[in-house]
Amino acid sequence: MLNESETARAILAVCGVGLAVSALRDLRQSHEFGEGGALAWTVVGADQHRCPQAVRGLFVWERYRKVLAVQFTAGCAAPAVAALSTNGAAALACVLLTTLLLGLHRNDYGTDGADQMAALCLLTATATLVVGGTVGRLFLGFLACQLILSYLIAGSAKLVSRTWRDGSCLAQILSTDAYGSPGIAAVLRTRPLIAALLAWSVMVLEVSFWVTLVLPAGPRWGLLAAGAALHVGIAFTMGLSTFVFAFVGAYPALLFTATYLSA
């Protein structure tokens, strides 16, 4: 069983890589953040942000790209630092949490589930590494509950949808411009049984994911592997790669909590 510090370092290692990927994506899309872009500060900062002027000054692209560069560098270093040093991991977690929160505040209307889960993961890792003890265990338990709740809500929302129950939703989603994979969508349209099986597999996995807290170690690892495979599949078909790191990054907290409860 991993202790609190080891669990937090595992979370940091996985989520750090995801934040590096996210920062690199934003750096490569610099035209969106510069003047005239959809994410330019003159656009997203049109409303007054309730933060010090010095912080707001970081949000113009000339300075914000330096924040992203720090996030990318720290994220790339996260696996190595997390493996070598608890103190170094704590310091790095603080850096990554700061850059992530700055990004969320700058673009607070364009975030998604991966951004929110990554923030919770980094907050948990930081609190556990800096404070530890009972506080660390409570944060790890909170993150495990948040992970389970995220899956349960997503699965329940799908179950009430007719298009998810008959499987037609997958072809529709994969036909969109933003999350499209036209070749797979065409296959699913011609094979509705396969589409329905895939859709039900996703729904069953999400609504039953909570049982990882009570399953024996072998089946628990199998369910976690299925969850990771789901996110990897979504990343390849829909391009949502950051979800892999944000959600799988929370799995160590779930393992720790399940083991702690069964001890």
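- By the neighbour-count criterion of 12 heavy atoms within 6.0 Å, atom CZ of R25 is densely surrounded, having more than that number from other residues, nucleotides or ligands.
- Annotation: the span from Q146 atom CD to L123 atom CG amounts to 11.5 Å, rounded to 0.5 Å.
- No single ILVMFWY cluster, assembled from side-chain heavy atoms under 4.5 Å apart, contains both L102 and F72.
- In terms of heavy atoms, I11 sits closest to A125 at CG2-CB, 4.3 Å.
- If you chain together hydrophobic residues whose side chains sit under 4.5 Å apart, L84 and V17 never meet in one group.
- Here CG of L97 is found 9.5 Å from CG of L19. Values are rounded to the nearest 0.5 Å.
- Between L223 and L205 the shortest side-chain heavy-atom distance falls below 4.5 Å.
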Step-by-step side chain to side chain donor-acceptor pair (under 3.5 Å) determination, S168 to D166: CA-CA 6 Å; S168 61; D166 65 22; 2.7 Å; yes

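- Under the 4.5 Å side-chain heavy-atom criterion for Ile, Leu, Val, Met, Phe, Trp and Tyr, V204 and L197 are members of distinct hydrophobic clusters.
- If you check the side chains of R9 and T86, you find a donor sitting under 3.5 Å from an acceptor.
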query: Can you check side-chain contact (heavy atoms from CB on, under 4.5 Å) on L188 and L198, steps first, answer last?
result: CA-CA 10 Å; L188 293 177; L198 288 173; 3.9 Å; yes

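- Here the closest non-hydrogen pair linking M117 and L147 is CE-CA, 4.0 Å.
- Note that the OG atom of S201 and the CD atom of E206 stand 11.0 Å from one another [nearest 0.5 Å].
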task: Determine, step by step, whether I153 and L149 satisfy the side-chain contact (heavy atoms from CB on, under 4.5 Å) criterion, reporting the C-alpha distance in whole Å, the side-chain angles of both residues, the deciding distance to 0.1 Å, and the verdict.
output: CA-CA 6 Å; I153 291 174; L149 186 62; 3.7 Å; yes

- prompt: Would F247 and H231 satisfy ring pair (Phe, Tyr, Trp, His ring centres under 6.0 Å), going step by step from the backbone distance to the final call?
  reply: CA-CA 8 Å; F247 279 80; H231 286 296; 5.1 Å; yes

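- Note that CG of L122 and CG of L101 are 8.0 Å apart. Values are rounded to the nearest 0.5 Å.
- A donor-acceptor pair shorter than 3.5 Å cannot be found between the side chains of N87 and S85.
- Looking only at atom types and distance, the side chain of S175 has a donor-acceptor partner in the side chain of R189 under 3.5 Å away.
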- request: Any chance you could lay out the side-chain contact (heavy atoms from CB on, under 4.5 Å) test for W61 and L39, step after step, and finish with the verdict?
  value: CA-CA 9 Å; W61 176 242; L39 297 176; over 6 Å; no

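- Both F236 and I234 are assigned to one and the same hydrophobic cluster, defined by single-linkage of ILVMFWY side chains at heavy-atom distances under 4.5 Å.
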query: Going through the checks in order, is the side-chain contact (heavy atoms from CB on, under 4.5 Å) test met by D115 and T242?
result: CA-CA 8 Å; D115 297 309; T242 54; 5.9 Å; no

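- Nearest heavy-atom pair, L129 versus A8, reported as atom, atom and distance to 0.1 Å: CG-CB, 3.7 Å.
- A heavy-atom distance below 4.5 Å is not found between the side chains of C15 and F245.
- The nearest pair of heavy atoms linking G167 to A199 is CA-CB, 3.9 Å.
- Side chains of W200 and K158 form no contact here, defined as non-hydrogen atoms less than 4.5 Å apart.
- Between G75 and L96, the closest heavy-atom pair is N-CD2, 3.8 Å.
- Counting only heavy atoms from C-beta outward, the side chains of L174 and P182 never approach each other to under 4.5 Å.
- Between Y251 and F209, the distance from one ring center to the other falls under 6.0 angstrom.
- Tracing side-chain contacts under 4.5 Å through hydrophobic residues (I, L, V, M, F, W, Y), one never reaches V70 starting from V81; they form parts of separate clusters.
- Looking at T99, D26, T73 one by one, the single match for side chain to side chain contact (heavy atoms under 4.5 Å, CB included) with L68 turns out to be D26.
- Put simply, the side chain of Q71 does not reach to within 4.5 Å of the side chain of T98, judged on heavy atoms.
- Looking at T134 and R137, their side chains come closer than 4.5 Å, going by heavy atoms from C-beta outward.
- The backbone N or O of L254 lies less than 3.5 Å from no partner atom in the side chain of T257, so there is not a single donor-acceptor pair.
- Across all their heavy atoms, V207 and L152 have their closest contact at O-CD1, 3.7 Å.
- To the nearest 0.5 angstrom, T128 atom OG1 is 12.5 Å from E6 atom CD.
- Taking OH from Y64 and CG from L27, the interatomic distance works out to 9.0 Å, rounded to the nearest 0.5 Å.
- R220 has its side chain within reach of T259: a pair of non-hydrogen atoms, C-beta onward, lies under 4.5 Å apart.
- Residues Y151 and I148 have side chains not in contact (no heavy-atom distance under 4.5 Å, counting atoms from C-beta outward).
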